[in-house]
2 protein chains.
Amino acid sequence: MSLNLRAEVLLKTLIERYIADGQPVGSRTLARQAGLELSPATVRNIMADLEELGLVSSPHTSAGRVPTELGYRVFVDTLLKVRPLDSSEVRKLKGELMTPQDTEHLIGSASQIMSKISKLAGIVMVPRRDEKAAFRHIDFIGLSGQRILVILVTDDGSVHNRIISADRKYSPSELEQAANYFNDAYAGISLGKVKRMLLNEIQQAGEDMQRIVHLAVHMARQAIDGEREETEDLVVSGESNLMEIPDLGDIHKLRKLFDAFNTKRDLLHLLDQSMRAGGVKIFIGSEAGYEVLEDCSVVTAPYSADGEVVGTLGVIGPTRMAYEHVIPVVDITARLLSAALSLQGSESGHLETPRQ
Amino acid sequence: MSLNLRAEVLLKTLIERYIADGQPVGSRTLARQAGLELSPATVRNIMADLEELGLVSSPHTSAGRVPTELGYRVFVDTLLKVRPLDSSEVRKLKGELMTPQDTEHLIGSASQIMSKISKLAGIVMVPRRDEKAAFRHIDFIGLSGQRILVILVTDDGSVHNRIISADRKYSPSELEQAANYFNDAYAGISLGKVKRMLLNEIQQAGEDMQRIVHLAVHMARQAIDGEREETEDLVVSGESNLMEIPDLGDIHKLRKLFDAFNTKRDLLHLLDQSMRAGGVKIFIGSEAGYEVLEDCSVVTAPYSADGEVVGTLGVIGPTRMAYEHVIPVVDITARLLSAALSLQGSESGHLETPRQ
DNA sequence: CTTTAGCACTCCCTGTGGTAGAGTGCCAAG
DNA sequence: CTTGGCACTCTACCACAGGGAGTGCTAAAG
């Protein structure tokens, strides 16, 4: 892909222009806009070259050129200069994310603020650190019948609750004993480890363990197992912004996209991919491999808590989006969210004696 | 509004026909469909009468008739016979709502199942019974810095958590003492009462109360106050179903509607209105008084827990919806949700000694 | 060899007119 | 009161032509 300087400049101006107003751009316009002293005819020759390389295409014979996905790819990879964020926007971001709030709200705020600033849809994967987060506290509370409410608190300050059915009814004091046993025995241990320990305990001990211990172990196991599903989740905001974008005018495609927002599976998978690579990543149109994302691009960045990557967030919009603006928004949101989450982690696991 | 039988039959068939295929219906079709032995010309005369009464209108001179909002009103109030639900649909509903799950999931399931069956959007207001629900249990857990995670459990089995900033850092044992104090002092008392008691306690005691008590009271107060906002919430499902409905083809209107789903304020207000009246209520088009609901109808029903109305749910779709199908869906969902919520309430508040 | 001007060509978009179809309103007869 | 008949209206659809935008090609100029 060796483009000479002139061709690069022209491709860049073409894409910028096209992003700005969505019209195919012709040789005359391009010649004037590019700042090079070239005639439209010369530009036409170069456009023919670019078309051969698969970087641009024309919707029909007499309609100017439009970037292809490959064209966008080259653009974002080599030609794009991201412009630093407006200080007012940075302030907005900080204001939204630096106020203390629990993880759930934080995620929601991040998603919303991204969608508000970019005028597109914001997506945030909920953090996946259950396996690593340390167990902090558990509570068993009896409901009607044999149902028991289990509240599980991890070291990072997140709370999960779940209703399970027990084998019989338990008295409040039995439940309290069970909780005490569990809190004493497992405080400070990572959830992943707790899970393995529970499995062992169940297999080995068989019937001869104390009733209370038995109860605690089984209930906790159900609660921790249940977490897995719940945590595979995604927060989407500002979907409706996408409805005003003429590029996505096809109601049918739009509907499929919205369904994807609700199903979440595909998007989660996509976000999962970009968890590994550090920094901002961009998926253009069909690159992502999902049909629903046709004509869409996704700009993602991983975020971390306490120095470890725990999730991904991003913005989703039409392929024709203002990348130079969206990229820094996603980037900075990821950084701010990381900071907020790291602040939030409990110190007590390391610095203080675990609560008993 | 005195319609003779013939006119009623014609209006009914017209609306049924229009609901079925969305086309303005002409006199010839109507004459054949209605089962009355009438010629198109006679039907035309009657249609002119109905038009004068404001029950139908024609989009243009030669285009058949279409029901007006008033026409729909008369239809649902006096002409409509709701058909009982398919037993397979009832099974689906029961399967979804009778499996034990916590309140939050229950609400989500109710909304989803309604949208799935009606192929429209389902909305459920989250229950408002905080003031009445009894306080059950509180936990304070220290996070980094001066931040404290407060977990509040009410008697109905719902869990709320919130992060607050304390005036200084507290040790785990201090926090535990505070929680113990609070759990002992307030167990079984309704949240509304707890709130008032806390206000009193703060005013009266001034500085001379014990440090721990002081801490507990202040933290609990923040948590309980916070609840108010959070609980003003709404769960929407199946919005994307609305995108495939040709009646709502105008992207701009659709966008406004989706914004309303996100803002939630207007919809909550609407649902709030129908909390008082028992049974299914129907808002047709502009009747509701909200611009965004133009061309939409909302079918709502209140639901209860332990015999007391705590919220409203419903379905929202185009004015031209299959009322005779949607109405029983909403009705039964409300009943099933009521049953599920009533099951869920904890008995312990009444039957057992409060946990200490 | 590259750049440029000129020119014919292609395709879209818009507006126009004409026609068929559906349905109405009205009138006069049953 | 009901019905058949008839003139009228409005829409939807089609074909067609003209203007506009932009291209590709060619030949000449740098």
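Every chain is numbered from 1, with letters handed out A, B, ... down the list of sequences. Note that the coordinates shown come from a computational prediction; the quantities given were computed from them, not determined experimentally.
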Query raised in the report: Looking for any heavy atom pair under 4.0 Å, which part of the strands does B:Glu37 touch: base, sugar-phosphate only, or nothing?
Result: sugar-phosphate
Query raised in the report: Can you tell me how far P of C:dT24 sits from CG of B:Asp49, to the nearest Å?
Result: 14 Å
Query raised in the report: Does OP1 or OP2 of D:dT2 have a side-chain N or O of B:Arg6 closer than 4.0 Å?
Result: yes
Report task. Select base, sugar-phosphate, or nothing to describe what A:Ser62 touches, counting heavy atoms under 4.0 Å on all strands. Result -> base
Requested in this report: Could you check whether A:Ser27 gets within reach of a base, just the sugar-phosphate, or nothing at all, counting any heavy atom under 4.0 Å?
Outcome: sugar-phosphate
Query - Atom pair distance, as rounded to whole Å: CZ in A:Arg28 and P in C:dG6 - result: 12 Å
Query raised in the report: Under 3.5 Å, is there a donor-acceptor pair linking the side chains of A:Ser240 and B:Asp259?
Result: yes
Query raised in the report: Are A:Ser39 and C:dT4 close enough that a side-chain N or O sits under 4.0 Å from OP1 or OP2?
Result: yes
Query raised in the report: From C:dC11, D:dT9, D:dG24, pick the nucleotide closest to the side chain of A:Arg44?
Result: D:dG24
**Report entry** Side chain of B:Asn45 - closest among D:dT3, D:dG5, C:dG21
**Finding:** D:dT3
Query - Nearest-angstrom distance from the residue atom CD of B:Gln23 to C1' of C:dA22 - result: 12 Å
Report task. To the nearest 0.5 Å, tell me how far A:Met243 CE sits from A:Ile251 CD1. Result -> 8.0 Å
Report task. Check whether the side chains of B:Ser286 and B:Glu69 place a donor and an acceptor atom closer than 3.5 Å, and report yes or no. Result -> yes
Query - d(CG, B:Leu50; C1', C:dG23) in whole Å - result: 17 Å
**Report entry** Heavy-atom side-chain proximity of B:Ile46 to B:Leu38 below 4.5 angstrom
**Finding:** yes
Report task. Respond yes when some side-chain nitrogen or oxygen of B:Thr42 is under 4.0 Å from OP1 or OP2 of D:dT3, and no when none is. Result -> yes
Query raised in the report: How long is the line joining CG of B:Asp21 and P of C:dA22, in whole Å?
Result: 15 Å
